[in-house]
Protein chains: 2
Amino acid sequence: MAEELSATHAAAEKGLAAQAASDEPIRARNVLKILTAAVEIFSRKGLDGARIVEIAKASGLPKGNVYYYFSSKEEIYTAAIDHLIHSWDDAFRHISADREPGDAIEAYVRAKLDNARENAAETRLFANEILQGAEHLSVAARDHMRTVTSEKARVIDAWAAAGKIEKIDARHLFILLWSVTQFYAEFEALACDALNVDELTAVDYDMAAKTITQTVLRGLMIRLS
Amino acid sequence: MAEELSATHAAAEKGLAAQAASDEPIRARNVLKILTAAVEIFSRKGLDGARIVEIAKASGLPKGNVYYYFSSKEEIYTAAIDHLIHSWDDAFRHISADREPGDAIEAYVRAKLDNARENAAETRLFANEILQGAEHLSVAARDHMRTVTSEKARVIDAWAAAGKIEKIDARHLFILLWSVTQFYAEFEALACDALNVDELTAVDYDMAAKTITQTVLRGLMIRLS
DNA sequence: AAAGAAGTTGACAATTTGGTCAAGTTTTTT
DNA sequence: AAAAAACTTGACCAAATTGTCAACTTCTTT
């Protein structure tokens with residue numbers, strides 16, 4: 001029962017499946033346990049490196065039970081992957097034409113950093129999947145990402161056209177923002193070394209947000225003369 | 001023989017073991033073949049996910065022969081990992097106190113991007129190792145990284161103290177530069193989607209360098225007023 | 001050219017792994 | 001409360017995987 005509580009709590013903390021364990025109690029709860037454990041393991045080891053006994057152990061269920069809900073390792077993996085895209089472009093909503101560029105980009109950076117910190121395992125899983133070639137991301141998911149990116153690039157272009165920011169390649173700018181905001185969660189070990197700390201705290205994330213926005217915003221601001 | 005040639009060529013292209021196949025011909029050549037193949041496979045699958053038959057096949061040697069040179073998968077992995085740190089901090093030499101900040105940082109970004117592009121597999125392997133918790137990086141290697149980072153942070157601080165750039169947290173700035181310069185190699189699939197291309201070419205890397213330096217350098221430049 | 005060292009190889013053993021299943025228990029339905 | 005559905009579980013199997021090895025070939029030394 002301690003297991004149930006902690007598993008549910010962990011799941012609530014992460015972004016995985018917001019629905020509570022009320023309508024379809026047992027199945028929903030166990031699937032959640034498994035997926036939460038799976039995200040953690042897959043995020044470190046990848047599809048081929050993860051052992052399903054490990055996932056079973058981490059979820060508190062015997063292996064046979066895991067196979068009662070999922071018919072293969074692949075199925076668990078793709079189920080876990082499917083959650084990722086939504087949280088990926090969620091922060092993107094801040095980049096909208098009717099906002100001031102400075103506010104919008106700062107809000108985006110904060111949202112992205114917060115998300116990376118709160119859903120570190122999911123962030124790592126996404127990184128792992130891309131590192132391995134993104135072969136398990138559905139075509140629909142990748143299309144969606146491309147569409148959203150193009151759409152948001154037009155917002156940046158419009159800001160530049162309106163003289164609100166310097167002209168810049170929007171897509172490379174997005175890559176810059178993605179890479180740095182995800183870095184702290186994906187490569188925490190390296191970030192700790194670089195910052196000379198044992199683990200990243202809220203203060204570090206705050207300083208990260210400050211440094212990123214300071215640098216990028218100043219870099220984009222129009223200079224008269 | 002076509003195999004030998006291509007393996008040697010691939011090895012020369014990558015940063016792995018510069019020594020030619022002349023002083024200790026057979027052993028050196030085969031170890032190189034194996035390590036080159038291993039970096040490629042490990043960079044995608046990680047230590048647990050990689051199968052040594054895969055490495056054997058990719059190196060063109062039968063599995064038994066691989067075990068003639070290495071006594072375990074772990075040993076191949078750590079041998080491959082040990083090469084990484086040098087190429088990691090190589091670009092860092094551009095950040096030196098006697099240069100102008102603008103030149104230095106631009107040179108650093110270019111060097112880092114070039115290295116990531118030329119040694120894509122090694123870059124991915126490094127990323128993979130950190131993602132999994134950096135448990136196979138030697139203590140010496142991590143100490144070295146910490147030391148170099150601190151040293152270079154002092155250069156940034158000195159530039160700021162001399163009024164050459166805006167005050168900034170040097171360590172977070174480094175993280176920003178690392179993350180974005182490595183992104184194109186590590187997450188090529190995502191970069192392609194973002195840039196709406198099928199594969200990254202020299203032009204894309206060039207535009208990346210331009211956008212990064214434009215943004216970061218303008219962000220750091222002192223404004224009178 | 002003979003002998004010893006170095007390298008090659010496929011077949012083999014031991015272990016791990018993904019996945020199944022039949023026999024049980026618990027929960028839900030009627 | 002009985003029957004049906006849903007869930008649990010450890011034992012089990014087949015395939016995959018790591019690592020070994022003895023017989024063999026090629027190179028180096030003298």
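Chain naming here is simple, since letters A, B, ... match the order of the sequence lines and numbering starts at 1 in each.
Contacts of A116(A) classified as side chain to side chain contact (heavy atoms under 4.5 Å, CB included), with partners at least two apart in sequence or in another chain: T123(A), A185(A). With sequence neighbours excluded, the residues forming a side chain to side chain donor-acceptor pair (under 3.5 Å) with D206(B) are R110(B), listed by chain and number.
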Where protein sits on nucleotides 2-18 of chain D, one letter per nucleotide: B base, S sugar-phosphate only, - none, heavy atoms under 4.0 Å: ----SBBBB------SB

Which atom pairs, one a donor and one an acceptor, fall under 3.5 Å between side chains of residues 130-140 of chain A and the rest of the protein, sequence neighbours left out?
| unit_1 | atom_1 | unit_2 | atom_2 | d |
| --- | --- | --- | --- | --- |
| Q132(A) | NE2 | N128(A) | OD1 | 2.9 |
| Q132(A) | NE2 | R44(B) | O | 3.2 |
| S138(A) | OG | A141(A) | N | 3.0 |

Under 3.5 Å, sequence neighbours excluded: what are the donor-acceptor pairs made by side chains of residues 149-156 of chain A?
| unit_1 | atom_1 | unit_2 | atom_2 | d |
| --- | --- | --- | --- | --- |
| T149(A) | OG1 | M145(A) | O | 2.7 |
| S150(A) | OG | R146(A) | O | 3.2 |
| S150(A) | OG | R171(A) | NH2 | 3.1 |
| K152(A) | NZ | F92(A) | O | 3.4 |
| K152(A) | NZ | I95(A) | O | 3.0 |

Tabulate below the donor-acceptor pairs under 3.5 Å that side-chain atoms of residues 64-71 of chain B make, not counting sequence neighbours, or state none.
| unit_1 | atom_1 | unit_2 | atom_2 | d |
| --- | --- | --- | --- | --- |
| Y69(B) | OH | N30(B) | ND2 | 3.1 |
| S71(B) | OG | E75(B) | OE1 | 2.6 |

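Taking atom CG on L47(A) and atom C1' on dG18(C), their separation rounds to 12 Å, with Å as the unit.
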